[in-house]
Amino acid sequence: MTAGAQIHPSAVIEPGAEIGAGCVIGPFCLVGAEVRLGPGVHLKSHVVVTGATEIGEETEIFPFAVIGEIPQDLKFQGENTRLVIGSRNRIREHVTMNAGTAGGGGITRVGDDGLYMAGCHVAHDCQIGDRVIIVNNSAIAGHCVIEDDVIVGGLCGVHQWVRVGQGAIIGALSMVTNDVIPHGLVQGPRGELDGLNLVGLKRKGVNRADITALRAAFQMLAQGEGAFQERARRLGEETDSAYVRQIVDFVTAGSDRSFLTPR
């Protein structure tokens, strides 16, 4: 343990755990033997951090979260896998985040500066980017890729192996079963691609020319000739917008899923 950490007498810190400078570990927390907490991590109370779990500096975890437990996967046979969480995340009450599986690369990763609201779940082998917001009681299934700046609304489900591109937004109560293009807007009980995340683009200060280019690109993807991926490839030959190129690269990359396509 590191000098300067504040550890409540009722907390259990197993031998071998690494506790960074300035950490605060509240009442009735459990920190496992293979856990590494970066400087300034704050476990409020009744938090379980276990397994081979690394948590970056100044991340704050609220009561009754369970971080680093084994995957909810019947194929898991106790292999040595990990969970790595970045810096300055806020992980609210009852959140669960699981370690990886051997079949999925052995590691679950969560980026920096995220907000994981009460009751949400990040499953094994997920790769979560920076500044992601997962709203209350939403579940990200195994092997998903959630890129930077994504917002997943409340009570959503994201099916295993799905990719959600940078800056996309998923409306509340949606079930997402296919890949979502960067900056896409998905909504509906069985999620449909219903436009662009224009609010998010404007909040980020994206210039008008790029937003106009994205609007035109979306219309071409929705109404152009040929299959969806053929339209995307043609779009890549015609655009000079970095934002449109991001969508083209996402669509033409390898994936285990088809895509949510414009209505």
Side-chain angles (χ1 to χ4, degrees), residues 1-72 81-100 107-124 126-141 144 146 148-158 172:
M1 279 181 236
T2 300
Q6 301 177 43
I7 301 174
H8 193 275
S10 65
V12 176
I13 312 297
E14 295 183 351
E18 297 182 21
I19 310 298
C23 286
V24 177
I25 300 177
F28 303 105
C29 291
L30 170 64
V31 179
E34 298 181 84
V35 170
R36 295 170 57 193
L37 302 182
V41 169
H42 187 179
L43 311 183
K44 292 279 194 175
S45 73
H46 299 84
V47 174
V48 174
V49 185
T50 188
T53 297
E54 178 181 335
I55 299 177
E57 63 182 8
E58 298 181 11
T59 287
E60 188 173 23
I61 305 181
F62 286 71
F64 302 104
V66 179
I67 307 300
E69 264 294 0
I70 64 171
Q72 297 177 102
T81 59
R82 303 168 58 208
L83 168 65
V84 176
I85 297 173
S87 301
R88 299 175 303 279
N89 290 289
R90 282 176 289 167
I91 300 173
R92 295 302 304 249
E93 298 83 355
H94 297 279
V95 168
T96 53
M97 294 183 176
N98 292 161
I107 186 167
T108 304
R109 289 189 185 276
V110 174
D112 300 333
D113 300 301
L115 173 58
Y116 299 85
M117 296 190 191
C120 74
H121 175 62
V122 175
H124 59 87
C126 285
Q127 308 296 309
I128 311 289
D130 299 336
R131 300 174 301 280
V132 168
I133 299 174
I134 309 294
V135 181
N136 303 68
N137 298 302
S138 289
I140 312 300
C144 287
I146 310 295
D148 297 346
D149 304 304
V150 167
I151 299 174
V152 179
L155 296 165
C156 289
V158 180

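Below, each value reflects all heavy atoms present in this structure, side chains not excepted, and no hydrogens, waters or symmetry copies.
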TODO: State, with a plain yes or no, whether a side-chain heavy atom of Phe62 is found less than 4.5 Å away from one of Glu93.
DONE: yes

Applied to residues 11-37, the ring pair (Phe, Tyr, Trp, His ring centres under 6.0 Å) test, sequence neighbours excluded, yields Phe28-His46

Rounded to the nearest 0.5 angstrom, the CD1-CD1 distance for Ile85 and Ile55 is 4.5 Å

Residue pair Ile67 / Thr53, side-chain heavy-atom distance below 4.5 Å:
yes

For Thr96, the side chain to side chain donor-acceptor pair (under 3.5 Å) test, sequence neighbours excluded, returns His121

With Val110 as partner, the option from Ile146, Ile128, Val132 fulfilling side chain to side chain contact (heavy atoms under 4.5 Å, CB included) is Ile128

For Asp130, the salt bridge (Lys or Arg N to Asp or Glu O under 4.0 Å) test, sequence neighbours excluded, returns none

| query | Would Val152 and Ile133 satisfy side chain to side chain contact (heavy atoms under 4.5 Å, CB included), going step by step from the backbone distance to the final call? | reply | CA-CA 6 Å; Val152 179; Ile133 299 174; over 6 Å; no

Quick note, side chain to side chain donor-acceptor pair (under 3.5 Å) partners involving residues 29-45, not counting sequence neighbours, are Lys44-Glu60

With sequence neighbours left out, the residues meeting side chain to side chain donor-acceptor pair (under 3.5 Å) with Asp112 are none

Residues at least two apart in sequence or cross-chain that pass side-chain contact (heavy atoms from CB on, under 4.5 Å) with Leu155, listed by chain then number, are Asn137, Leu173

Thr59 side chain vs Asn89 backbone, donor-acceptor pair below 3.5 Å:
yes

Salt bridge check: are Arg88 and Asp113 linked by an N-O gap of less than 4.0 Å?
yes

Here the gap from Glu54 atom CD to Ile107 atom CD1, rounded to the nearest 0.5 Å, amounts to 8.0 Å

Strictly distance-based, threshold 3.5 Å: is any side-chain N or O of Thr108 a donor or acceptor partner for the main-chain N or O of Asn98? yes

